[in-house]
Novice: 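Okay, here's the structure, questions in a sec.
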Amino acid sequence: MSDCLFCRIVAGEIPAKRLYEDERCLAFADINPQAPVHLLVIPKQHLASTAHTTAEHAGLLGDLLAAAAKIAVEQKLANGYRIVINTGPDGGQTVDHLHLHLLGGRHMGWPPG
Ligand code: AMP
Ligand code: ZN
């Protein structure tokens, strides 16, 4: 989608600090980090949110989680980390291209705000 910020990052039209890439997933540094490590893991294919997924996306969702776990090892987050997916207005989603936040390098509080 040409008017989607994260699709434009996938296409290389908007710069980002790319830290991981495979056939279906891309990870890059969040522009406004909330932890010492704060990356976004996204599908290269446009998908607006988890609310737009069906059973046919199960493989892709698994790939995103597996990519996040692999990146966590690369980022040396052996003490743990948090994966967050915001969905829709109440979930706090501000970019309508599905993304996992991978946060680490500090202790995470609970419950989230
Ligand atoms: P969310 O609020 O869950 O939709 O998360 C969107 C995230 O995208 C926020 O954490 C933003 O800081 C991040 N973000 C927005 N624009 C960019 C950008 N150009 N490059 C990297 N991260 C971005
Ligand atoms: Zn998109």
Side-chain angles (χ1 to χ4, degrees):
M1 263 176 60
S2 58
D3 59 345
C4 169
L5 174 64
F6 288 177
C7 282
R8 295 189 70 194
I9 287 177
V10 171
E13 294 167 13
I14 291 178
K17 187 177 176 192
R18 299 163 88 106
L19 293 151
Y20 173 87
E21 189 161 359
D22 63 31
E23 201 181 311
R24 301 215 275 179
C25 310
L26 172 68
F28 53 92
D30 195 292
I31 206 168
N32 182 23
Q34 302 300 311
V37 175
H38 186 176
L39 310 183
L40 302 174
V41 187
I42 71 169
K44 288 185 170 176
Q45 161 203 330
H46 182 81
L47 188 55
S49 79
T50 58
H52 296 75
T53 59
T54 63
E56 76 185 37
H57 297 105
L60 178 61
L61 292 167
D63 287 347
L64 290 166
L65 275 175
K70 192 171 166 182
I71 296 161
V73 173
E74 290 174 5
Q75 295 289 321
K76 305 191 190 320
L77 299 178
N79 211 38
Y81 52 87
R82 184 166 292 173
I83 292 170
V84 174
I85 303 176
N86 297 324
T87 300
D90 276 4
Q93 184 174 10
T94 59
V95 177
D96 290 334
H97 180 128
L98 176 65
H99 48 283
L100 281 64
H101 294 258
L102 173 63
L103 298 141
R106 66 167 172 82
H107 180 77
M108 303 290 155
W110 191 264

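Order of listing sets the numbers, starting from 1, for every ligand and every atom in it. This one's a predicted model, so the numbers in the text were calculated from it and none came from an experiment. One is the number of the first residue; the rest follow in order along the sequence.
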Novice: Please identify which atoms of ligand 1 are closer than 4.0 Å to at least one heavy atom of Gly92.
Specialist: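 Result: 1 (P), 2 (O).
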
Novice: Can you tell me if NZ on Lys44 sees more than 12 non-hydrogen neighbours from other groups inside 6.0 Å?
Specialist: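 For Lys44, atom NZ is crowded (more than 12 foreign heavy atoms under 6.0 Å).
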
Novice: Which atoms of ligand 1 have any heavy atom of Leu5 under 4.0 Å away?
Specialist: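 Heavy-atom distances to Leu5 below 4.0 Å select 16 (N).
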
Novice: Measuring centre to centre across the rings, with the benzene-like ring taken for any Trp, is His99 within less than 6.0 Å of His101?
Specialist: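 Yes, ring centres under 6.0 Å apart.
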
Novice: Consider every N or O of Val95 and every N or O of ligand 1, then say whether any pair is closer than 3.5 Å.
Specialist: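 Yes, there is a polar N/O contact under 3.5 Å.
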
Novice: Provide the closest heavy-atom pair for Thr87 versus Ser49 in the form atom of the first, atom of the second, distance.
Specialist: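 Closest pair (atom of Thr87, atom of Ser49, distance): CG2-OG, 3.9 Å.
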
Novice: Applying a heavy-atom cut-off of 4.0 Å, say which part of Ala16 lies close to ligand 1: side chain, backbone, both or neither.
Specialist: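 It is neither; nothing of Ala16 touches ligand 1.
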
Novice: Taking the minimum heavy-atom distance to atom 21 (C) of ligand 1, which of Ile31, Leu103, Ile42, Ile85 ranks first?
Specialist: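 Heavy atom nearest to atom 21 (C) of ligand 1 belongs to Ile31.
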
Novice: List the atom of Ala68, the atom of Ile83, and the distance in Å for their closest heavy-atom pair.
Specialist: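 Heavy atoms only, the tightest pair is CB-CD1, 3.9 Å.
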
Novice: For the atoms ND1 of His46 and ND1 of His97, give the angle they form at the Zn ion (ligand 2), rounded to 10 degrees.
Specialist: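 Between ND1 of His46 and ND1 of His97, at the Zn ion (ligand 2), the angle is about 110°.
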
Novice: For atom 9 (C) of ligand 1, what is the closest protein heavy atom, and at what distance to 0.1 Å?
Specialist: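 Ranked first by proximity to atom 9 (C) of ligand 1 is Asp30 OD2, 3.3 Å.
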
Novice: Checking Gln93 side chain against Ala48 main chain: does a donor-acceptor pair fall under 3.5 Å?
Specialist: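 Between the backbone of Ala48 and the side chain of Gln93 there is a qualifying donor-acceptor contact (under 3.5 Å).
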
Novice: Which of the atoms in ligand 1, numbered in the order shown and given with their element, are less than 4.0 Å from a heavy-atom of Asn32?
Specialist: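 Result: 12 (O).
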
Novice: Looking at Gln93, which atoms of ligand 1 are within less than 4.0 Å of one of its heavy atoms?
Specialist: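 Taking each heavy atom of Gln93 in turn, ligand 1 has 4 (O) under 4.0 Å.
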
Novice: How far is atom 5 (O) of ligand 1 from the closest protein heavy atom, and which atom is that?
Specialist: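 Result: His99 NE2, 3.0 Å.
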
Novice: Ignoring hydrogens and geometry, is there a side-chain-to-backbone donor-acceptor pair from Arg106 to Gln34 under 3.5 Å?
Specialist: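 Indeed, once roles are kept as given, a pair shorter than 3.5 Å links the two residues.
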
Novice: Test of understanding: given a 4.0 Å heavy-atom threshold, classify the contact between Asn86 and ligand 1 as side chain, backbone, both, or neither.
Specialist: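 For Asn86, the contact with ligand 1 is made by the side chain alone.
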
Novice: State the atoms of ligand 1, each with its element, that fall below the 4.0 Å cut-off from a heavy-atom position in Thr94.
Specialist: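 So the atoms of ligand 1 that pass are 1 (P), 2 (O), 4 (O), 5 (O), 6 (C).
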
Novice: Identify the two heavy atoms, one from Val41 and one from Ala67, that lie closest to each other, and give their separation to 0.1 Å.
Specialist: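 Looking at all heavy atoms of both residues, the closest pair is CG1-CB, 4.2 Å.
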
Novice: For ligand 1, does Leu40 get within less than 4.0 Å through its side chain, its backbone, both, or neither, judged by non-hydrogen atoms?
Specialist: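 Answer for Leu40: side chain.
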
Novice: Hey, is the main chain of Ile9 close enough, under 3.5 Å, to the side chain of Arg18 for a donor-acceptor pair?
Specialist: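 Yes; at least one donor-acceptor contact below 3.5 Å.
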
Novice: Which atom pair, heavy atoms only, marks the closest approach of Pro43 to Leu60?
Specialist: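 The pair with the smallest heavy-atom distance is CB-CD2, 3.8 Å.
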
Novice: For ligand 1, is there an atom lying under 4.0 Å from some heavy atom of Gln34?
Specialist: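 False for this residue.
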
Novice: Can a donor-acceptor pair be found, under 3.5 Å and without considering hydrogens, that links the side chain of Lys17 to the backbone of Leu39?
Specialist: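 No, the answer is negative, given that no donor and acceptor are paired below the 3.5 Å cut-off.
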
Novice: With the threshold set at under 4.0 angstrom, would you say Ala29 reaches ligand 1 through any of its heavy atoms?
Specialist: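 Contact check Ala29 vs ligand 1: positive.
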
Novice: Give the numbers and elements of all ligand 1 atoms closer than 4.0 Å to a heavy atom of Phe6.
Specialist: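 It comes down to these atoms of ligand 1: 8 (O).
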
